[in-house]
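Letters go in sequence order (proteins before strands), and every chain restarts at 1.
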2 protein chains.
Amino acid sequence: VTVTGPVTIGIDVGGTKILGLAVDSAGVVLAEEKAPTPRVLAPEGTGDSGGDAVIESIVDVAERLIDGLATDGDGRGRSERVSAVGVGVPGLVDDDGWLRFAPNLPGGEGLDVKGRLSQRLAPVKVVVDNDATCAVMGEWIYGAAAGASDAVMVTLGTGIGGGLIVNSAVARGALGFAGEIGHMVVDPAGPACPCGKRGCWERFASGSGLGRLAREAAHAGRLDEVLRAAGGDPEAVRAEDVTSAAAAGDERAQAVLEELGWWLALGLANLANILDPSVFVLGGGLVDALNLVIEPVRTAFDHLVEGRLGRPEVMISLAMLGERSGAVGAGVLARRDHRAAADRPD
Amino acid sequence: VTVTGPVTIGIDVGGTKILGLAVDSAGVVLAEEKAPTPRVLAPEGTGDSGGDAVIESIVDVAERLIDGLATDGDGRGRSERVSAVGVGVPGLVDDDGWLRFAPNLPGGEGLDVKGRLSQRLAPVKVVVDNDATCAVMGEWIYGAAAGASDAVMVTLGTGIGGGLIVNSAVARGALGFAGEIGHMVVDPAGPACPCGKRGCWERFASGSGLGRLAREAAHAGRLDEVLRAAGGDPEAVRAEDVTSAAAAGDERAQAVLEELGWWLALGLANLANILDPSVFVLGGGLVDALNLVIEPVRTAFDHLVEGRLGRPEVMISLAMLGERSGAVGAGVLARRDHRAAADRPD
């Protein structure tokens, strides 16, 4: 492998796994390491110690990548030196790299992610940002949003995350909290959300939203085969049961996926009205399933966006970097002046 | 009056009136002219001629201001020469100054506003932009959003318009259509909107939304005094009846205003989650009424925004330039390189 420019490490901390990549300045992935995300809760009254396990797992992934680059398989020294580590975490990250709100990362809330990782990984520089912001950076520099002045990354997993490109730069907002698109309320009488509100977009158009839509369909007798396969209890039906049945050709499962797709299109149309991007990039664990209903999503979007007759088509694309968007983007962020106007493409 | 720098004219084309101002480069208003917005519909099959009356009214306002500056009251010549005219129009304006979608301006849709005004007002330069984008520019340079890196202007009139400041620049989106925040769907089963969708935010939190909420309250027996004053027919109750009764101390009218305020807060919280502005500026004809319920709006917003405990307070301010935000901002846009990075404050 020919290595171009400085090597950085990008780490994407997801709800279930931590994915780390060593990336050179041309975006070439030199090495990959994974670890499960620790699911430990902070013991009562122990301050931020609940985040210890998360910090340790991130350090472990980073050190494995750093050590792997320092020596090749035969134990000989290699020349690649890591200049910085970028970390994307799920939740609201402030300008100082503290995680301020993290419903999907137990123990993460109130954690000084940047300070603690900097201490452990010194002298290597550490930058920390929201996971979807990292993902949009990856797709904007090397993927489906390349060249766009205005783009929105939508990461569809357990919840929905968002990363924004506005005026050819990453938009983080006044406090660094921009892009929390999953908590846009689209039905105030809708199901309760762990965030405390009702009817957030991610209650409908995420993996957990799909599970809910599927159980509703099972209760209503609209998912017979999936229900049988799940043992006959509608409450036992999971999102994965629907996506695998839909992939196998079950039309009723596809209909539930299309229902999810309608809600996805509704939120995308809202974001198009607000931000007018030229492209939406869909990423996250739900993307393979959405690929089955991407045409219905596009059709519904066209009906839901304002002034569609006078508006050129908005692209709805799947993430080109797949599950690596976030880690690649974290690596890109690590080699730049973090949170500076230098976000613009090289 | 001491005039600072070049004089520009800013014209705000509203649903009911056209407001024109001559403004110097310090933001001082030198003169004001008004005209009613023509409410003519294009005769069938006549192409874009339905917009003729609108163009003529804008030209009339501009020429009165230009002529007024050229001569003083005694008919003597004055030195102020107008360098450019900026015009804000309600609807989607593309990068070439065409109005592409304009549900609130009969005859305006498909109108080459910039081309036709440039022809009539030559050699004076003409720039055209969305009315709420003009308003946010006025408030950002001279008003309630001064100094903010990220701000959202919400104009509350018959509908809801939006202007966005992101990363210390006006955000227009890929096509110039950003900021159509009033057509964010917040209840897909809600009332039909002229845009073709259901449950758009402006069906709840605008002047027409207030009228609808008021008629619902009148039907339900929750607005007895307002209903009596309106002659006893719930369908005859208008938004203005509620705002004036609320201002006079009618608690039931104030309760309906608070209902409007809850919907306003819901949309503001959605926008805070997406864009993370440090300030919302509320403008438009409904602002005086909202002033009565601004504290309930702030309280509801605090309950609806994600992660409020880890998030510093977001300011919710009334427009400092009042009904002049849009015209002042159009004048600011006229003296700058239109739609350039030069949007940043002087």
Would you say A:Cys134 and A:Asp131 make side-chain contact, with heavy atoms under 4.5 Å? no
Contact winner vs chain A - B:Val186, B:Val314, B:Ile181, heavy-atom pairs under 4.5 Å: B:Val186
Report the option among A:Gly190, A:Pro188, A:Ser149 that has the most heavy-atom pairs separated by less than 4.5 Å from atoms of chain B. A:Pro188
Who wins among A:Leu271, A:Val185, A:Val166, A:Leu164 for the most heavy-atom pairs under 4.5 Å with chain B? A:Val185
Got a salt bridge between B:Asp95 and B:Arg172, using NZ or NE/NH1/NH2 to carboxylate O under 4.0 Å? no
B:Thr299 versus B:His303: any side-chain heavy-atom pair under 4.5 Å? yes
Let me have the donor-acceptor pairs involving side chains of residues 274-282 of chain A, under 3.5 Å, with sequence neighbours excluded, atom names and distances please.
from, atom 1, to, atom 2, distance (Å)
A:Asp276, OD2, B:Ala174, N, 3.3
A:Asp276, OD2, B:Leu175, N, 2.7
A:Asp276, OD2, B:Gly176, N, 3.1
A:Asp276, OD2, B:Phe177, N, 2.9
A:Ser278, OG, A:Asp150, O, 3.4

Please classify the contact of A:Trp201 with chain B as side chain, backbone, both or neither, using a heavy-atom distance under 4.5 Å. neither
